[in-house]
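Note sheet for the following structure.
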Amino acid sequence: MFNSLSDRLTATFKNLRGKGRLSEADVDATVREIRRALLDADVAVPVVREFTGRIRERSLGAEVSGALNPSQQIVKIVNEELVEILGGETRRIRLAKTGPTIIMLAGLQGAGKTTLAGKLAKWLKAQGHSPVLVAADLQRPNAVTQLQVVGGRAGVPVFAPHPGTTSELEHPIGDPVAVARAGVEEARQKLHDVVIVDTAGRLGVDADMMDQARRIRQAIIPNEVLFVIDSMIGQDAVNTALAFDEGVNFTGIVLSKLDGDARGGAALSVASVTGKPVMFASTGEGLDDFELFHPDRMASRILDMGDVLTLIEQAEKNWDKDEAARMAKKFADQEDFTLDDFLAQMQQIRNMGSMKKMLMMMPGAQNIRQQLENFDEREIDRVEAVVRSMTPHERVAPKIINGSRRARIAKGSGVTVSEVNGLLERFAQAQKMMKKLAQGGGMPGMPGLGGPGGRKGGKSAPKKKARSGNPAKAAQELRDAEAKRSAAAAAAPTGAAFGQGATDFDPSSLNLPKGFDKFLGK
């Protein structure tokens with residue numbers, strides 16, 4: 001979503017590197033480029049004006065002029081101001097002290113409220129709650145059916161006493177206000193601690209539909225009213241958000257379709273203009289593509305600083321601890337790394353979600369974005385198919401895989417023999433590396449980590465001085481070297497290391513067993 005904005009800001013900061021002191025002209029040029037980048041990203045003009053004004057004021061102040069690295073200080077200022085625009089701090093759902101927590105969803109038509117209701121319900125269920133979905137959208141054709149399907153996929157019950165409309169020609173019947181009220185009562189009776197009410201989409205200028213949403217709000221008295229907004233809406237995001245804030249007085253914002261390729265100015269505008277926090281973000285089509293919105297982490301992503309904390313959280317949530325312990329024990333016992341282990345690790349990575357999304361959370365990922373976009377997620381499927389086409393014995397002892405076996409594996413997995421060869425070669429390299437690490441030898445070719453090509457401690461082997469090509473000079477160098485060795489031998493202390501002279505040592509004085517003196521060289 002923020003690729004274009006991130007590229008522009010990163011290029012702007014590159015121009016500041018290496019400057020020991022920034023003049024007012026440098027600051028003005030930087031602020032001008034930031035302003036252009038934000039306007040190109042469809043950020044609202046008032047937000048851009050206020051944002052760049054604060055950056056310019058702080059950049060010309062003492063915190064930059066007295067900094068050892070002014071360019072990094074400006075990046076820090078931009079990061080802090082971005083965090084402020086996006087809401088300042090993470091805002092979580094306010095749970096009710098007694099009874100179920102009631103969450104009402106509101107937003108434009110097509111913003112993705114129904115799908116988001118299922119995502120939110122599944123997320124809350126993973127947090128230990130017992131949510132129920134209420135189908136109060138009786139306006140859109142098949143909206144109730146869609147919510148039932150989404151609820152079934154999320155494993156969450158759906159309260160739908162009215163089927164709603166099934167076509168655009170059918171006149172809407174039923175009372176959404178009564179359905180919402182009955183849904184809350186149903187949750188109380190069945191002891192659900194969270195109620196998510198899905199309402200009909202409406203336009204900001206639709207007075208009747210906005211009044212309906214207002215009456216639903218008054219009937220159920222929700223703890224949270226979440227305004228779902230399409231991140232690709234552009235400049236109109238501000239007007240839409242203000243209209244809904246006036247109509248239903250929402251308490252938080254949810255950004256949907258954050259994985260799109262639009263410029264994403266809505267995310268930077270809505271929170272600043274309305275003063276309401278962004279609470280959640282929908283980052284894909286799957287029910288698991290949903291996350292709590294952290295302003296500081298989103299600012300880091302925009303500035304290409306990465307989002308390692310979210311990456312770690314995803315790994316902790318999806319990584320199989322028993323499998324990790326098994327691999328750690330195998331590594332400690334210096335057992336061979338097999339293709340079964342390789343397959344298990346691939347499945348662990350698959351459970352974490354999209355490889356592209358994970359890699360884009362790494363710092364500096366914008367520099368290799370083109371390569372990441374060309375990465376084929378199905379490559380993991382092909383690797384898994386190749387390994388699963390092998391027999392159990394072949395996975396443990398891949399050296400027995402000859403030409404006929406490779407042809408059979410290729411045919412069974414639907415790939416070419418060359419792809420099977422490539423996988424086996426990569427696995428052999430990985431196996432050698434794992435064995436080297438398990439033995440404490442370090443990484444091959446890495447200085448400071450042992451292994452061939454590098455010495456422990458990071459020190460390279462001492463180089464011998466090349467001998468001169470002049471015969472007379474070479475002979476003189478040999479004589480000088482021999483004289484140095486003789487002088488060193490004469491200066492070296494004689495005797496044992498513990499102070500007793502070697503010539504004075506008598507093994508018979510130790511009363512050793514008979515025949516033991518041969519081990520002392522006597």
Side-chain angles (χ1 to χ4, degrees), residues 1-6 38 41-44 47 51 82-93 103-124 150 196 198-199 201-202 204 224-245 248 250-303 307 310 313-314 353-354 357 360-361:
M1 174 60 73
F2 296 108
N3 287 341
S4 176
L5 176 61
S6 182
L38 293 173
D42 263 348
V43 181
V47 177
F51 179 74
L82 271 177
V83 172
E84 192 65 28
I85 276 187
L86 292 170
E89 58 185 18
T90 305
R91 161 81 153 75
R92 301 177 185 273
I93 291 177
I103 302 172
M104 174 181 169
L105 302 182
L108 288 176
Q109 297 172 358
K113 292 186 304 302
T114 302
T115 304
L116 193 132
K119 292 182 178 183
L120 178 59
K122 186 173 183 181
W123 185 83
L124 287 167
V150 170
I196 302 173
D198 179 32
T199 65
R202 60 206 78 241
E224 298 281 6
V225 179
L226 301 183
F227 172 51
V228 183
I229 186 168
D230 188 340
S231 299
M232 300 188 289
I233 193 173
Q235 285 282 350
D236 196 45
V238 172
N239 296 331
T240 304
L242 290 174
F244 271 86
D245 192 25
V248 296
F250 59 81
T251 59
I253 301 164
V254 180
L255 297 174
S256 66
K257 306 177 186 178
L258 204 61
D259 58 322
D261 56 359
R263 289 171 285 187
L268 298 176
S269 304
V270 175
S272 179
V273 170
T274 63
K276 305 295 175 69
V278 179
M279 294 176 60
F280 297 99
S282 174
T283 58
E285 296 180 0
L287 290 181
D288 293 320
D289 297 328
F290 180 80
E291 59 187 44
L292 193 66
F293 188 86
H294 300 277
D296 54 341
R297 301 184 191 181
M298 183 56 70
S300 294
R301 291 190 202 181
I302 293 173
L303 296 178
D307 187 1
T310 299
E313 287 176 0
Q314 287 186 4
S354 170
K357 289 182 180 178
M360 285 302 293
M361 292 181 190

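Keep in mind that the numbers below use all heavy atoms, side chains included, and drop hydrogens, waters and symmetry copies.
Closest of all the heavy-atom pairs between A241 and V270 is CB-CG1, 3.8 Å. Across all their heavy atoms, V278 and A271 have their closest contact at CG2-CB, 3.9 Å. Counting all heavy atoms, side chain and backbone alike, S269 lies closest to A44 at OG-N, 2.9 Å.
Side-chain contact between L116 and D198 is absent, with no heavy-atom pair separated by less than 4.5 Å. Residues D245 and F227 fail the side-chain proximity criterion, which asks for heavy atoms closer than 4.5 Å. Residues F280 and I93 are in side-chain contact: their nearest non-hydrogen atoms beyond the backbone lie under 4.5 Å apart. Two residues are said to be in side-chain contact when any heavy atoms from C-beta on lie closer than 4.5 Å; V254 and I229 fail this criterion. The closest side-chain heavy-atom distance from I85 to V43 is not below 4.5 Å. Contact of the I103 side chain with the L226 side chain is registered, since non-hydrogen atoms from C-beta on lie closer than 4.5 Å. Put simply, the side chain of V273 reaches to within 4.5 Å of the side chain of L242, judged on heavy atoms.
Proximity of a side-chain donor or acceptor of T251 to a complementary backbone N or O of V225 within less than 3.5 Å is detected. In this structure a side-chain-to-backbone donor-acceptor pair under 3.5 Å is missing from K119 to S282.
Atom-to-atom distance recorded for I253:CD1 and F293:CZ is 9.5 Å, nearest 0.5 angstrom. Within the model, atoms NZ of K113 and CG of L108 stand 7.5 Å from one another, a figure rounded to the nearest 0.5 Å. One distance of note links CZ of R91 with NE2 of H294; it measures 14.0 Å at 0.5 Å rounding. Taking CG of L287 as the reference point, atom OG1 of T115 lies at 8.0 Å (rounded to 0.5 Å). Distance CG/L124 to CZ/F290: 7.5 Å, rounded to 0.5 Å. A distance of 9.5 Å separates CG in D230 from CG in L255, rounded to the nearest 0.5 Å.
One finds a salt bridge joining D288 and K122 here, because a Lys/Arg side-chain nitrogen approaches an Asp/Glu carboxylate oxygen to under 4.0 Å.
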